[in-house]
Protein chains: 2
Amino acid sequence: MQNCTCFNLRKATRAVTQLFDEALKPCGLFATQFTLLAAISSRENVAITELSKALVMDRTTLTRNLKPLQKLGWVEVLQGEDKRTKTLSLTRSGKNVLKKAMIHWKKVQRQVVKTLGNSNWEVLLDNLSSTVKKLNPY
Amino acid sequence: MQNCTCFNLRKATRAVTQLFDEALKPCGLFATQFTLLAAISSRENVAITELSKALVMDRTTLTRNLKPLQKLGWVEVLQGEDKRTKTLSLTRSGKNVLKKAMIHWKKVQRQVVKTLGNSNWEVLLDNLSSTVKKLNPY
DNA sequence: CCAAAATACGTGTATATGCTCCTAAATATG
DNA sequence: CATATTTAGGAGCATATACACGTATTTTGG
């Protein structure tokens, strides 16, 4: 099964995630959490389901992943105008953490791009994006 | 952060894993479990740490992922000659499940390759492999 | 306007992932 | 040969992921 698409993706994801987790450790957050902070930052007051669709992530997964960020006081979850929804926004503290994390993220991202080679990296990202587009109906 | 390597990998992995999970559902196993059965099948009596390194997976993660497979009677875990180690092998039942799952795997794998386009897929797999090689010291 | 359908969300359950700390066995070192 | 070090593995803890089922709110259809 050396050529299983799923296996190879998951394996590469493990390797890369460990690198990003390690790089973000000084900021006290995981790669996934950094992603969430950044995603919320660029879409203040987004609803949970809406964000989960953008991230190609199950709604309940997002809800649970938000939990530690709420506990740390980085993300605020409020009832939306539509009372069925909950809207997400960063606290001042959350914005500060994101700002600091961004520095470390840039560093590890640059390192990865350099290690893979710029053109390889570009092709990889293109392929990942198009994979998501083609496989994810939303 | 639209261009974050980690985010894009994880996102694509979620999309692809859901597809493979769905395809393997009739066999009662998840994509990850299929991978483990196949990996053990091709390396009978491999030790836990050795397999974990090959899969670029934390040793403790592998141990835990084996648990449901043991419970279902598909994988046997025995003490190795070196009494520190535990060796892994498929039971008869495990081999049967793998055989059936392989049919479904081939189908979904073909579908993904077709959807992405054969040459895109090949480039993607190459890039994933080389990413792992370059980032994983082992 | 009211009942049915659709939408947004949470909880329970289960697997997936990795770090830290601990124990047991094998190996290296003096 | 005895002890120190290395190696293999487990358990506790925390996050990541998604499905099934249930509840509340909004929208739709008559």
Side-chain angles (χ1 to χ4, degrees), chain A residues 6-7 9-22 24-25 28-37 46-53 55-72 74-75 77-88 136 138, chain B residues 6-7 9-22 24-25 28-37 46-53 55-72 74-75 77-88 136 138:
Chain A
C6 188
F7 166 56
L9 262 170
R10 294 188 72 88
K11 188 168 58 166
T13 295
R14 285 193 290 270
V16 170
T17 298
Q18 280 182 46
L19 211 66
F20 276 74
D21 277 352
E22 181 63 32
L24 292 170
K25 218 172 189 176
L29 42 71
F30 295 109
T32 309
Q33 302 179 327
F34 170 78
T35 296
L36 287 191
L37 292 185
V46 69
I48 291 182
T49 296
E50 193 186 340
L51 182 57
S52 79
K53 285 179 181 171
L55 301 178
V56 189
M57 177 182 284
D58 190 86
R59 175 182 59 78
T60 65
T61 300
L62 176 57
T63 298
R64 286 175 216 273
N65 290 357
L66 289 170
K67 281 285 153 58
L69 300 178
Q70 285 177 265
K71 198 181 290 177
L72 289 161
W74 295 339
V75 169
V77 182
L78 296 173
Q79 192 174 52
E81 275 189 47
D82 180 336
K83 282 171 187 166
R84 291 172 302 181
T85 67
K86 301 216 175 156
T87 62
L88 308 174
N136 191 51
Y138 174 74
Chain B
C6 189
F7 166 56
L9 262 170
R10 295 187 72 89
K11 189 169 55 165
T13 295
R14 285 193 290 270
V16 170
T17 298
Q18 281 183 46
L19 210 66
F20 276 73
D21 277 352
E22 181 63 31
L24 292 169
K25 217 171 189 177
L29 41 73
F30 296 109
T32 310
Q33 302 179 327
F34 171 77
T35 296
L36 287 191
L37 291 186
V46 68
I48 289 181
T49 296
E50 192 185 340
L51 183 57
S52 79
K53 286 179 180 169
L55 301 178
V56 189
M57 178 182 283
D58 190 86
R59 175 181 60 76
T60 65
T61 299
L62 176 56
T63 298
R64 286 175 217 273
N65 289 358
L66 289 171
K67 281 287 153 56
L69 301 178
Q70 283 178 266
K71 197 182 290 178
L72 289 162
W74 295 340
V75 169
V77 182
L78 296 174
Q79 192 173 52
E81 275 189 47
D82 179 337
K83 281 171 189 169
R84 293 172 300 180
T85 68
K86 302 219 176 155
T87 61
L88 308 175
N136 191 51
Y138 174 73

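These figures come from a predicted structure and were not determined experimentally. The figures here come from the full heavy-atom set of this structure, side chains too, leaving out hydrogens, waters and symmetry mates. Sequence lines set the chain letters: A, B, ... in the order given, protein chains first and strands last, and positions in each chain run from 1.
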Just how far, in rounded Å, is C1' of dG18(C) from CG of Leu24(A)?
-> 15 Å
From CG of Leu29(A) across to P of dA14(D) the rounded distance in Å is 17 Å
Checking Thr85(B) side chain against Glu81(B) main chain: does a donor-acceptor pair fall under 3.5 Å?
-> no
Separation of dA6(C) P from Lys83(A) NZ (nearest whole Å) = 24 Å
Hey, could you give me the OG1/NZ distance between Thr49(B) and Lys86(B), rounded to the nearest 0.5 Å?
-> 11.5 Å
Grab the CG-P distance between Asp21(A) and dA16(D) for me, whole Å please.
-> 8 Å
Footprint string (nucleotides 7-15 of chain C, 5' to 3'): B base within contact, S backbone only, - free, heavy atoms under 4.0 Å = BSBBBBB-S
Want to settle it: does Glu22(A) or Ala31(B) sit nearer the 5' end of DNA chain C, counting the closest nucleotide to each?
-> Ala31(B)
Donor-acceptor pairs under 3.5 Å, side chain of residues 29-37 of chain A to any protein atom, not counting sequence neighbours: which ones?
residue: Gln33(A); atom: OE1; partner: Phe30(A); partner atom: N; Å: 3.0
residue: Thr35(A); atom: OG1; partner: Ala31(A); partner atom: O; Å: 3.2

Atom CG of Leu37(A) to atom P of dT15(D): distance rounded to whole Å?
-> 14 Å
For Thr87(A) and Val46(A), run side-chain contact (heavy atoms from CB on, under 4.5 Å): C-alpha distance rounded to whole Å, both residues' side-chain angles, the deciding distance at 0.1 Å, then the answer.
-> CA-CA 5 Å; Thr87(A) 62; Val46(A) 69; over 6 Å; no
Just how far, in rounded Å, is C1' of dG18(C) from CZ of Arg10(A)?
-> 14 Å
Can you tell me how far P of dT17(D) sits from CG of Leu62(A), to the nearest Å?
-> 10 Å
So which nucleotide from dT20(C), dC19(D), dT25(D) ends up closest to the side chain of Lys25(A)?
-> dT20(C)
Which listed nucleotide (dT17(D), dT26(D), dT17(C)) is nearest to the side chain of Arg14(A)?
-> dT17(C)
Mind checking the CG-CD1 spacing from Leu66(A) to Ile48(A)? Nearest 0.5 Å is all I need.
-> 6.0 Å
Look only at the side chain of Thr61(B) and the backbone of Met57(B), and say whether a donor-acceptor pair between them is shorter than 3.5 Å.
-> no
Testing Val16(B), Val56(B), Leu55(B), Thr17(B) for side-chain contact (heavy atoms from CB on, under 4.5 Å) with Arg10(A), which one passes?
-> Thr17(B)
Measure the distance from CG on Leu66(B) to P on dG18(C) and round it to the nearest whole Å.
-> 14 Å
State whether Gln18(B) places a side-chain N or O below 4.0 Å from either non-bridging phosphate oxygen (OP1 or OP2) of dA18(D).
-> yes
